[in-house]
Number of protein chains: 2
Amino acid sequence: MSFFCLFFIYQAHPLTDDPRPGVGSTTHTVCAHHIAGEDCKFCSIRLISVCSALEPDEWASLERLASDIAFAEKMPLIREGDDSIWVYNVTSGIARLVRTLADGRRQVFGFAMPGDFLGLSLNPNWSFSVESVTPVTCCRFSRQSFSAFMDQKPHLLKKMHEFASHELSLARDHMMLLGRLSAEEKIAAFVWRMRQRWARVEGHAKLNVPLPMSRQDIADYLGLTIETVSRTINHLQRDRRLIIVPGGIRILTPNFFEDISSE
Amino acid sequence: MSFFCLFFIYQAHPLTDDPRPGVGSTTHTVCAHHIAGEDCKFCSIRLISVCSALEPDEWASLERLASDIAFAEKMPLIREGDDSIWVYNVTSGIARLVRTLADGRRQVFGFAMPGDFLGLSLNPNWSFSVESVTPVTCCRFSRQSFSAFMDQKPHLLKKMHEFASHELSLARDHMMLLGRLSAEEKIAAFVWRMRQRWARVEGHAKLNVPLPMSRQDIADYLGLTIETVSRTINHLQRDRRLIIVPGGIRILTPNFFEDISSE
DNA sequence: CGCCATGTTGATTTCTATCAAATTGAGTGG
DNA sequence: CCACTCAATTTGATAGAAATCAACATGGCG
């Protein structure tokens with residue numbers, strides 16, 4: 001097993017291209033931090049990521065292709081249109097998948113969380129951007145070598161297909177939300193979805209739901225404006241459905257959220 | 001090669017459950033028509049479907065698993081929640097992928113056209129309904145046997161993954177449309193998308209774009225109401241962007257549509 | 001302590017939905 | 001072949017939900 005322990009400062013740009021006022025232009029200059037690869041068998045997401053398809057003895061060969069990389073918050077991991085040199089397994093933190101139109105209108109497709117794979121399609125370039133919301137760490141592979149590895153491991157390909165199918169299913173849920181739900185329903189479904197998503201990362205569901213993304217991110221995810229998001233969340237608080245807490249919300253009436261999400 | 005030529009009348013129900021007035025309750029009683037399987041090498045979609053992954057000598061073994069099935073227009077191929085006994089390759093016609101909420105709100109996820117595969121995820125049950133818009137013919141496989149066949153053919157699995165990835169990409173385009181485009185932009189993008197989709201089926205793009213689905217289907221696809229769809233299309237006609245023709249529209253200013261779709 | 005980003009609240013506008021009615025058009029039977 | 005029927009579509013008037021425009025509040029951080 002070859003471990004390269006050089007601490008390489010990966011040059012990249014903070015998020016400065018956003019045309020909306022007040023977005024971007026942080027003082028960070030260090031975006032990504034390439035650190036030593038860790039042993040798969042100590043990996044916290046090995047059981048929930050695509051790697052779960054592999055047998056312990058196969059991890060060794062995958063490790064040889066992997067390197068760990070860390071991103072500060074609000075940094076671009078991937079830019080829409082870029083060649084996809086790398087694919088990523090998110091090991092910690094949250095990133096948003098986003099596309100922006102020429103006039104600045106933005107749509108967030110989803111939030112990548114630990115265990116999620118970026119590059120499921122193995123396409124030669126990216127059709128969306130990925131930006132860290134919190135600090136993010138990833139296990140990174142070159143697309144070429146990961147693809148070649150996959151060709152030798154049909155069970156890994158099968159797992160990738162399962163992940164892509166699951167994403168497709170979530171995408172359809174989201175189309176339903178965007179096309180047919182009211183602002184209140186969108187917020188309620190979002191809160192419930194985040195609760196379930198955290199449960200899968202943490203192993204158990206809680207009524208405290210961390211929402212590390214900004215109101216703008218939530219708005220762009222739900223096809224709303226920041227004002228409507230703020231108003232709706234505060235309205236739900238006034239109705240005693242939830243309480244706004246630092247860094248997220250606390251659900252008071254789980255049934256209300258569950259019913260809206262499943263109807 | 002075993003060909004079963006019995007003409008079996010498959011019992012199924014017309015679309016009668018739709019809560020909206022005037023939808024459903026056709027006089028058809030014959031839904032699906034199980035007809036003799038055809039030879040893959042004469043199949044019109046062999047080059048654009050998942051079957052394109054297979055070598056000519058592999059078609060023979062796939063044929064043994066396949067049977068052709070025909071549906072009249074406005075018939076259910078698949079009901080949301082059903083066990084997925086079968087998976088389908090659409091060989092002709094158009095079907096809509098749709099989900100309906102308890103209160104009747106509907107979202108159309110997309111339109112399946114010749115070459116499209118229904119059941120990419122190979123999940124044991126369906127998370128959406130599929131209903132024929134025009135008469136539809138499919139090449140049908142039992143999910144179990146298709147899945148087993150796929151396990152023997154990694155290149156077929158890879159093709160399935162490519163198709164799922166492509167669907168995911170289209171799903172993201174559609175999230176952008178639903179979340180951030182205006183009614184006029186939605187209609188224009190839809191028209192352009194249908195034009196491109198026909199081009200892939202027919203091999204060449206035309207300015208005449210057949211739209212066999214109803215205004216209601218278009219509305220439910222775009223997250224609009226039927227009235228807004230009608231008004232917007234007629235507004236585009238008044239602006240000399242297109243002409244409404246029987247069964248579809250004719251594009252007059254391709255650039256206008258292309259620009260809106262790609263911005 | 002004050003600055004700037006982020007979030008909240010209020011007033012008003014706008015786009016699309018809703019409600020309502022008229023028109024078209026495809027299919028049916030006389 | 002043509003009148004009739006019913007569904008589908010179009011058009012018009014009005015309502016309503018969310019966007020927009022505009023302050024104002026909060027809060028983290030130097």
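Worth saying up front: this structure is predicted, and the values here are computed from it rather than measured. Residue numbering restarts at 1 for every chain, and letters A, B, ... go by the order of the sequence lines.
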Notebook entry, point to check: Out of dT10(D), dG7(C), dA18(D), which nucleotide sits closest to the side chain of S182(A)?
Noted result: dA18(D)

Check: Who are the side chain to side chain donor-acceptor pair (under 3.5 Å) partners of S182(B), not counting sequence neighbours?
Finding: E185(B)

Margin query: If I compare all heavy atoms of L77(B) with all of C138(B), which pair ends up nearest, and what's the gap?
Written below: CD2-SG, 3.9 Å

Identify, with sequence neighbours excluded, every residue that meets side chain to side chain contact (heavy atoms under 4.5 Å, CB included) alongside [X].
X       : result
A205(A) : R195(A), A199(A)
A112(B) : V90(B), A95(B), L97(B), D116(B), L118(B)
S230(B) : N234(B)
P254(A) : W192(A), L207(A), I251(A)

Next item on the list: By nearest nucleotide on DNA chain D, pick out whichever of R238(B) and A183(A) is the more 5' one.
Entry: R238(B)

Grab the [atom1]-[atom2] distance between [X] and [N] for me, whole Å please.
X       : N       : atom1 : atom2 : answer
D103(B) : dA17(C) : CG    : C1'   : 14 Å
H235(A) : dG7(C)  : NE2   : C1'   : 18 Å
L181(B) : dC15(C) : CG    : C1'   : 14 Å
E185(B) : dT16(C) : CD    : C1'   : 14 Å
I233(A) : dT9(C)  : CD1   : P     : 11 Å
I218(B) : dT10(D) : CD1   : C1'   : 14 Å
E73(B)  : dG27(C) : CD    : P     : 8 Å
Q216(A) : dG7(C)  : CD    : P     : 9 Å

Next item on the list: Under the salt bridge (Lys or Arg N to Asp or Glu O under 4.0 Å) rule, collect the residues that match up with R215(B), sequence neighbours excluded.
Entry: none

Notebook entry, point to check: For E202(A), what residues pass the salt bridge (Lys or Arg N to Asp or Glu O under 4.0 Å) criterion, not counting sequence neighbours?
Noted result: K206(A)

Between protein and nucleic acid, restricted to nucleotides 19-23 of chain D and to nitrogen or oxygen atoms under 3.5 Å apart, what atom pairs and distances do you find?
from, atom 1, to, atom 2, distance (Å)
dA19(D), OP1, T225(A), N, 3.4
dA19(D), OP2, T225(A), N, 3.3
dA19(D), OP2, T225(A), OG1, 3.0
dA19(D), OP2, T228(A), OG1, 2.3
dT20(D), O4, R231(A), NH2, 2.9
dC21(D), N4, E227(A), OE2, 3.0

Check: Between the two end axes of the helix from dC1(C)-dG30(D) to dG30(C)-dC1(D), each built from 5 base pairs, what angle do you get to the nearest 10°?
Finding: 30°

Note to self: At 4.0 Å (heavy atoms only), tell me whether S214(A) reaches a base, stays on the sugar-phosphate, or touches nothing.
What the structure shows: sugar-phosphate

Checklist line | Pairs satisfying side chain to side chain donor-acceptor pair (under 3.5 Å), at least one member in residues 238-252 of chain B, at least two apart | finding: N208(B)-R250(B)

Please report, to 0.1 Å, the donor-acceptor pairs under 3.5 Å made by any side chain of residues 168-175 of chain A, with sequence neighbours excluded.
from, atom 1, to, atom 2, distance (Å)
D173(A), OD1, R99(B), NH1, 2.8
D173(A), OD1, R99(B), NH2, 3.3
H174(A), ND1, R193(A), NH1, 2.8
H174(A), NE2, Y221(A), O, 2.8

Please produce a list of atom pairs where a protein N or O lies less than 3.5 Å from an N or O of nucleotides 23-26 of chain C.
none

Notebook entry, point to check: Do any N or O atoms from the side chain of T232(B) and from the backbone of T228(B) form a donor-acceptor pair under 3.5 angstrom?
Noted result: yes

Item checked: Electrostatic pair D220(A)-R180(B), nearest N-O below 4.0 angstrom -> yes

Next item on the list: Using a cut-off of strictly less than 4.0 Å, decide whether K74(B) has a side-chain nitrogen or oxygen near OP1 or OP2 of dA8(D).
Entry: yes

